[in-house]
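Here's the structure, in structure tokens; my notes come after.
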Amino acid sequence: MEAQRRNRLILVPCPFQGHITPMLQLGTVLQSKGFVITVAHTKFNSPNPSYYPDFKFLEMPDGLSDLNVSSKNLVSVLSGFNINCKIPLQEALTQMVKTNGHREKIGCIIYDEYMYFSNAVANHLQIPSIILSTSSAANMLTYQAIPRFLNDGYIPLKETMLMDPVPELQPLRFKDLPFSNATDSDGLLQLISEAHKTRTSSAIIWNTAECLEQSSLAQLGQGYQIPFFPIGPMHKMVPPSCCSLLEEDYKCISWLDEQMDSSVIYVSLGSIASMDEKGLVEMAWGLANSKQPFLWVVRIDSSNGRDGIKILPESFEKTVGERGYIVNWAPQKEVLAHRAVGGFWSHCGWNSTIESVSEGVPMICQSYFGDQKVNARFLSQVWGVGIQWESDLERGEVGIVIRRLMVNEEGKVIRHRAIELKEKIEISIKQGGSSSNSLIDLINHILLS
Ligand code: UDP
């Protein structure tokens, strides 16, 4: 179904790679259905407009541009965006309505759940708003359960209960809850509770598919009075290279072309998580010990802000030679879709999770913080497409677990399940599939609001 009128949608992404990517993918999908797109973004981590010649970009001063953002200060950074961006967005949209109101209407503000100031702006301007959730429905269930945990005295979490199963949220253990190891858990709980009030938003869009999360979506739906639109995985509906904040090193694709089918283990911890120096060195020797070809993303800031590649011992490079390829940032979606990639050592961010399951690539799940722990649990215990890694990195063990996934019988069973899941996801996004139908429903919802 195509939108009939010039209907502008204002998208407000949260400025981190794992959040910007799905929002821009959503914009691309909705633009292809006839909507006109404006992306209202912070100065910090601003997207590259040249990738989107047909979008309008609106920069909001955020007051935070010089911050060195890490997992340790995410809560204060996010709170800052919500304080600093509200008035600039309100003023810019007021001006937009004054100037263009006769030619187009602002149909809706679609905002990342963590950019919740957008809902107040939408109310002020009497524009409908919709939330985009960039994590899993299972993760949202843990947020929904916070009042219950507080009421039952589970929070603050006690060391002794971390391995216990969470009532009504199996297979999660208390240690898997997104706030269990937060540096500022009080701040995080407050942010989560702010972000997950639906306020007056009219719907929630999910970058997930029913075949992955039907039960979590159904459970969640009981607590909400608004429709859900699970339309994912969105990266399968748009061209791959559109959303990266960092330059992707495409030379690794030529290296992959020379490797045997399903032989390469791809290692990446996404855009924020990082290993300490010792972990990085253990990982390096573990990869060497595994005897498998590997493609490893070692970000420039990968070890406490230092260039991880410089930390790696020279003897490591000599030992692995052509068998290993290291980049600062990879074109991950193309990498995971490459026939040579047979496994993914991942931090289990939600984007990495759905990108991997969409390609049938089994995983080693080494989560660090936030929703990664929930995703790791679902990958390993519910969908059965990953092996969970929960120990400190030690070279001998790293080599062994890589061979368990890439070579051993156990890995073959996991790979088989991963391929079955990939096939289910492919059906969801085809015409008549659940995600494809949800997208049609979403478009109708926007047009009728
Ligand atoms: N990514 C990439 N190249 C890399 C590493 C990651 O393009 O070398 C992309 C990846 O495809 C994903 C995003 O960065 O879309 C990371 O998002 P995710 O939710 O997995 O993790 P986060 O970075 O938010 O922790």
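The shown structure was predicted, so the numbers you read here are calculated from the model rather than taken from an experiment.
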Determine the minimum heavy-atom distance between Pro362 and Ile414, stating which atoms define it.
-> CB-CG2, 3.7 Å

To the nearest 0.5 Å, atom CD1 of Ile443 lies from atom CZ of Phe35 at 6.0 Å

Non-hydrogen side-chain atoms of Ile429 and Ser435 separated by less than 4.5 Å = yes

Counting only N and O atoms by type, is there a donor-acceptor contact under 3.5 Å from the side chain of Gln25 to the main-chain atoms of Val238?
-> no

Quick one: does Lys105's side chain have a donor or acceptor within less than 3.5 Å of a partner on Asn7's backbone?
-> no

Within a reach of under 6.0 Å around NZ of Lys86, are more than 12 heavy atoms found that belong to other residues, nucleotides or ligands?
-> no

Quick one: pull up CG in Leu78 and SG in Cys14 and give me the separation to the nearest 0.5 Å.
-> 5.0 Å

Does Ser268 offer a backbone N or O that forms a donor-acceptor pair with the side chain of Arg299 under 3.5 Å?
-> no

Rounded distance [0.5 Å steps], CG in Leu132 versus CD1 in Ile110 = 8.0 Å

Please check if the side chain of Asp176 supplies one atom and the backbone of Arg173 the other of a donor-acceptor pair under 3.5 Å.
-> yes

Side-chain touch Met115/His19, heavy atoms, less than 4.5 angstrom | no

N/O donor-acceptor pair under 3.5 Å between Thr142 side chain and Ala138 backbone | no

Donor-acceptor contact present, side-chain Ser428 to main-chain Ile425, <3.5 Å | yes

Test log, rule side-chain contact (heavy atoms from CB on, under 4.5 Å), inputs Asn351 and Gln332 = CA-CA 10 Å; Asn351 293 283; Gln332 180 165 304; over 6 Å; no

Just by modelled atom types, is the Pro171 backbone N or O under 3.5 Å from a matching donor or acceptor in the Arg377 side chain?
-> yes

Looking only at heavy atoms, which two atoms of Ile231 and Met237 are closest? And how far apart?
-> O-CE, 2.7 Å

Under 3.5 Å, is there a donor-acceptor pair between the side chain of Asn82 and the main chain of Tyr114?
-> yes

Distance (rounded to the nearest 0.5 Å) between Tyr224 OH and Met140 CE = 4.0 Å

Could you go through the side-chain contact (heavy atoms from CB on, under 4.5 Å) check for Thr28 and Phe55 one step at a time?
-> CA-CA 9 Å; Thr28 307; Phe55 287 8; 3.9 Å; yes

Tightest non-hydrogen contact, residues Pro233 and Asn207, listed as CA-OD1, 3.5 Å

Heavy-atom check, side chain of Met234 versus side chain of Leu26, under 4.5 Å | yes

Please test Gln219 against Gln144 for side-chain contact (heavy atoms from CB on, under 4.5 Å), starting from the C-alpha separation and ending with a verdict.
-> CA-CA 10 Å; Gln219 220 176 316; Gln144 203 186 43; over 6 Å; no

Enter the distance from Ile265:CD1 to Leu287:CG here, rounded to the nearest 0.5 Å.
-> 8.0 Å

For atom CD of Gln170, decide whether the heavy atoms of other residues, nucleotides or ligands shown that lie under 6.0 angstrom number more than 12.
-> yes

Using modelled atom types only, decide if a donor and an acceptor are shared between the side chain of Asp62 and the backbone of Lys43 within a distance under 3.5 Å.
-> yes

Can you check side-chain contact (heavy atoms from CB on, under 4.5 Å) on Lys251 and Tyr325, steps first, answer last?
-> CA-CA 10 Å; Lys251 290 197 288 297; Tyr325 201 92; 3.3 Å; yes

Do the non-hydrogen side-chain atoms of Ser274 and Asp301 ever get within less than 4.5 Å of each other?
-> no

His445 and Ala203: which non-hydrogen atoms are nearest, and at how many Å?
-> NE2-CB, 3.7 Å

Sub-3.5 Å donor-acceptor pair from the side chain of Trp383 to the main-chain atoms of Leu212, do we have one?
-> yes

For Ala40 and Met60, which heavy atoms make the closest approach, and how far apart are they?
-> O-CE, 3.4 Å

Report yes if the side chains of Tyr266 and Ser356 come closer than 4.5 Å at any heavy-atom pair, otherwise no.
-> no

More than 12 heavy atoms from other groups under 6.0 Å of CD on Glu420 | yes

From the list Leu217, Val374, Leu169, side chain to side chain contact (heavy atoms under 4.5 Å, CB included) partner of Leu141 resolves to Leu169

Going through the checks in order, is the salt bridge (charged side-chain N to carboxylate O under 4.0 Å, His left out) test met by Asp261 and Arg339?
-> CA-CA 5 Å; Asp261 285 4; Arg339 52 147 197 89; 2.8 Å; yes

Answer whether the closest heavy-atom distance between the side chains of Cys108 and Leu9 falls below 4.5 Å.
-> yes

Gap between atom CD of Gln259 and atom CG of Leu295 - 0.5 Å precision = 9.5 Å

Measure the shortest side-chain to side-chain distance between Asn84 and Pro61 over non-hydrogen atoms and say whether it is less than 4.5 angstrom.
-> no

Can you list every pair that meets salt bridge (Lys or Arg N to Asp or Glu O under 4.0 Å) and has a residue in residues 227-238, with sequence neighbours left out?
-> Lys236-Glu359

Contact summary for Met363 and Cys348, nearest pair of heavy atoms | CE-SG, 4.4 Å

Are side-chain N/O atoms of Gln388 and Ser380 paired as donor and acceptor at under 3.5 Å?
-> yes

Does the side chain of Trp345 come within less than 4.5 Å of Trp296's, by heavy atoms?
-> no

Any chance the side chains of Thr21 and Gln17 put a donor and an acceptor closer than 3.5 Å?
-> yes

Test log, rule ring pair (Phe, Tyr, Trp, His ring centres under 6.0 Å), inputs Phe16 and Phe44 | CA-CA 9 Å; Phe16 296 100; Phe44 170 77; 5.8 Å; yes

